[in-house]
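Residue indices begin at 1 and follow the sequence shown.
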Amino acid sequence: MLDSRRKFIRQSAIAAAGTYLGTMGLSAKSYGNIIGANDRVRVGVVGFSDRFKDSLLPSFLNHHKELNFDIVAVSDLWNYRRGLGVEHLKSKFGHDITACRNNDELYGLKDIDAVIVSTADFQHATHCAEGVNNKCDVYCEKPFAETMEDARMALKAVKASKQIVQIGSQRRSGNNYMAAERFIKEGKFGNITMVELSWNVNQPGRWRRPDLVAKLKQEDTDWKRFLINRPFEEWDPRKYLEYRLFWPYSSGMPGQWMSHQIDTVHWFTDLKHPRSVVANGGIYQWKDGRRNWDTTTAVFDYGKANDPSNGFQVIFTSRMHNGDESPAEIYYANGGELNLNTNMVSPKGGLSAKAAAAMHMQPNLLPEMKLTDNTEKVAASANTGGDKLTSAHMRNWMECVRSRKQTNAPVEAGYYHSIANIMTNAAARTGKKATFDEKTQEVMVDGKVFKY
């Protein structure tokens, strides 16, 4: 029954493919006209994480009744979180939730149409590939991958499937970001000369889970399955629950924060990845055994390959010991700036008449204007409640599952932000410039492939 329904939807989508070439989500009226729209989409949760509970689930709940989606199962390796997931989801949906000890059990249910992946950073690519290989549509949290091997594997799996995949780069569903993309691509901004990205916090408990770590016992989970393809290490509950602090389970700042921001650079310019990256930083404040830095500065060179006559610089800075978590993204041109914190284009810093006259040039000043009246940005805390961007992004995925059209953040977006993340990680860990080999699709340092 399920297979025939999927086949019917796919055939209907192929027949109407020309109708769904746009990138915006469908209205409630339009999705209701799609054949198969009355069939309930049954969703499984892969990883009952804080990110899922506090952000993805509220976003899902904003739209699930209207779009006829339901969550029916949860997979989590740890029996404690699995139990919490079942009880929490039962309270939200008012029906039983199937508890699965692992993803084999989840896909063994045979009636799952889609999954939401919100597991550890290094697991996303594998879990995304598992989903599409089991003919499920996937909402996959970023970072898409932390190694090129994983990124290539998952990209290949998705491209070989007919499944709908949304990467959790939620800026791509924000009205102000969409307006910025149009403004730049229409040539109104001029050539980008520099981009400044920053993400600063002062939260001692960020990525730390000491109370939860104390609850976790090895016999209550599956350490070997958790590690997937990472080098074996002896059991460590901190690496299991505080994985963002420990390479190779996470790259930390590049994977968690920079991946969102660098994705806008790729999106606005249609450049796939940096030409090169250098990075520096260290653990200056939080001497808690972590492997990943608490302070990072990365400098990127972007532009056409092998053509130094064009391009621009991107700087990403992040610190975890001073900041108010107000991520900044400012694009600069000779005529001014485009600021995605203020949602404004302005002539600030542009070429004034006086400065231009000294060189017998014409002034170059952008107009002052709002990108859109709807300013949307990341919520003050990364895990607070279905903020506008995440809610819009989740809705886009749900509508695309219905229509079988491309999502706002397709798998390629994840693949290319992963390249930038891995290049940054390679530069940070070697202290040398990292580049990307287009032929082999490998990150290179000193002519060698970057590995663990």
Review point. Can you list the steps and then say if D113 with K135 is a salt bridge (charged side-chain N to carboxylate O under 4.0 Å, His left out)?
Key: CA-CA 7 Å; D113 303 305; K135 295 183 172 55; over 6 Å; no
Check your understanding: For V43 and V115, what are the C-alpha separation, side-chain angles and deciding distance, and is it a side-chain contact (heavy atoms from CB on, under 4.5 Å)?
Key -> CA-CA 5 Å; V43 179; V115 293; 5.6 Å; no
Exercise for review: Start with the C-alpha gap between S276 and F300, add the side-chain angles, then the distance that decides, and say whether side-chain contact (heavy atoms from CB on, under 4.5 Å) holds.
Suggested key: CA-CA 6 Å; S276 66; F300 303 81; over 6 Å; no
Exercise for review: Start with the C-alpha distance between R101 and E105, add both sets of side-chain angles, then the distance that settles salt bridge (charged side-chain N to carboxylate O under 4.0 Å, His left out), and finish with yes or no.
Suggested key: CA-CA 7 Å; R101 292 174 299 173; E105 289 190 0; 2.5 Å; yes
Point to revise | Steps toward side-chain contact (heavy atoms from CB on, under 4.5 Å) verdict (V277, Y302) | key: CA-CA 9 Å; V277 183; Y302 272 89; over 6 Å; no
**Study point:** Trace of the side-chain contact (heavy atoms from CB on, under 4.5 Å) decision for V314 with V299
**Key:** CA-CA 6 Å; V314 178; V299 181; over 6 Å; no
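Residues satisfying the side chain to side chain donor-acceptor pair (under 3.5 Å) test with Y416, not counting sequence neighbours, are none. Judged as a side-chain contact (heavy atoms from CB on, under 4.5 Å), and not counting sequence neighbours, the contacts of S118 are S49, R51, F52, L56, E141. Annotation: side-chain contact (heavy atoms from CB on, under 4.5 Å) contacts of L227 (sequence neighbours excluded): W223, F232, Y249. Taking the side chain to side chain donor-acceptor pair (under 3.5 Å) definition, one finds that T221 meets it with Y240, sequence neighbours left out. In this view, R208 and E242, D288 satisfy the salt bridge (Lys or Arg N to Asp or Glu O under 4.0 Å) rule, not counting sequence neighbours. Residues satisfying the side-chain contact (heavy atoms from CB on, under 4.5 Å) test with A328, not counting sequence neighbours, are S198, N341.
Using modelled atom types and a 3.5 Å distance limit, the side chains of E438 and H273 yield a donor-acceptor pair. Checked by atom type, the side-chain pair N200/H321 shows no donor-acceptor distance below 3.5 Å. Side-chain contact check for Y415 and Q441: at least one donor-acceptor pair (N or O, by modelled atom type) lies under 3.5 Å. N408 and S173 form a side-chain donor-acceptor contact under 3.5 Å, judged by distance and modelled atom types alone. Side chains of D150 and N229: a donor-acceptor N/O pair is present below 3.5 angstrom, by distance only. In summary, the side chains of T119 and H127 do present a donor paired with an acceptor at a separation below 3.5 Å, with no hydrogens or angles considered. For the residue pair E325/W199, the side-chain donor-acceptor check at 3.5 Å is satisfied. With hydrogens and angles left out, the side-chain atoms of S251 and N421 include no donor and acceptor closer than 3.5 Å. Under 3.5 Å, the side chains of T407 and H393 contain no donor-acceptor pair of N or O atoms.
Considering CG of L212 and CZ of R238, their distance stands at 13.0 Å, rounded to 0.5 Å. Expressed to the nearest 0.5 Å, how far SG of C140 lies from CH2 of W397 amounts to 11.0 Å.
A salt bridge is defined here as a Lys NZ or Arg NE, NH1 or NH2 lying under 4.0 Å from an Asp or Glu carboxylate O, and D270 with K185 meets this definition. Under 4.0 Å is where a charged nitrogen must lie from a carboxylate oxygen, and between R152 and E442 at least one such pair does. The residues E87 and R81 are annotated as not salt-bridged, no charged nitrogen and carboxylate oxygen being separated by less than 4.0 angstrom. Under the 4.0 Å criterion applied to side-chain N and carboxylate O atoms, R275 and D301 are assigned as salt-bridge partners. No salt bridge links R40 with D111; every basic N to acidic carboxylate O contact stays at or beyond 4.0 Å. Using a 4.0 Å cut-off between a side-chain N of Lys or Arg and a carboxylate O of Asp or Glu, R171 and E329 qualify as a salt bridge. With respect to the salt-bridge test (charged N to carboxylate O, under 4.0 angstrom), the residues D294 and K287 do not qualify.
Ring geometry for W207 against W257 counts as tilted: the plane angle lies between 30° and 60°, on a 0 to 90° scale.
Note: Y331 and F268 meet the aromatic proximity criterion, with ring centroids under 6.0 Å apart. Ring-centre distance between F122 and F226: below the 6.0 Å cut-off.
The closest donor-acceptor contact from the side chain of N133 to the backbone of A129 lies under 3.5 Å. Side-chain atoms of N79 never come within 3.5 Å of backbone atoms of R82 as a donor-acceptor pair (strictly under, hydrogens ignored). In this structure, the side chain of K142 engages the main chain of Q256 through a donor-acceptor pair within 3.5 Å. Of the possible donor and acceptor atoms, one in the side chain of D137 sits under 3.5 Å from a partner among the backbone N and O of I164. Within the 3.5 Å criterion, the main-chain N or O of D387 finds no donor-acceptor partner in the side chain of T390.
D437 places a side-chain heavy atom less than 4.5 Å from the side chain of T440.
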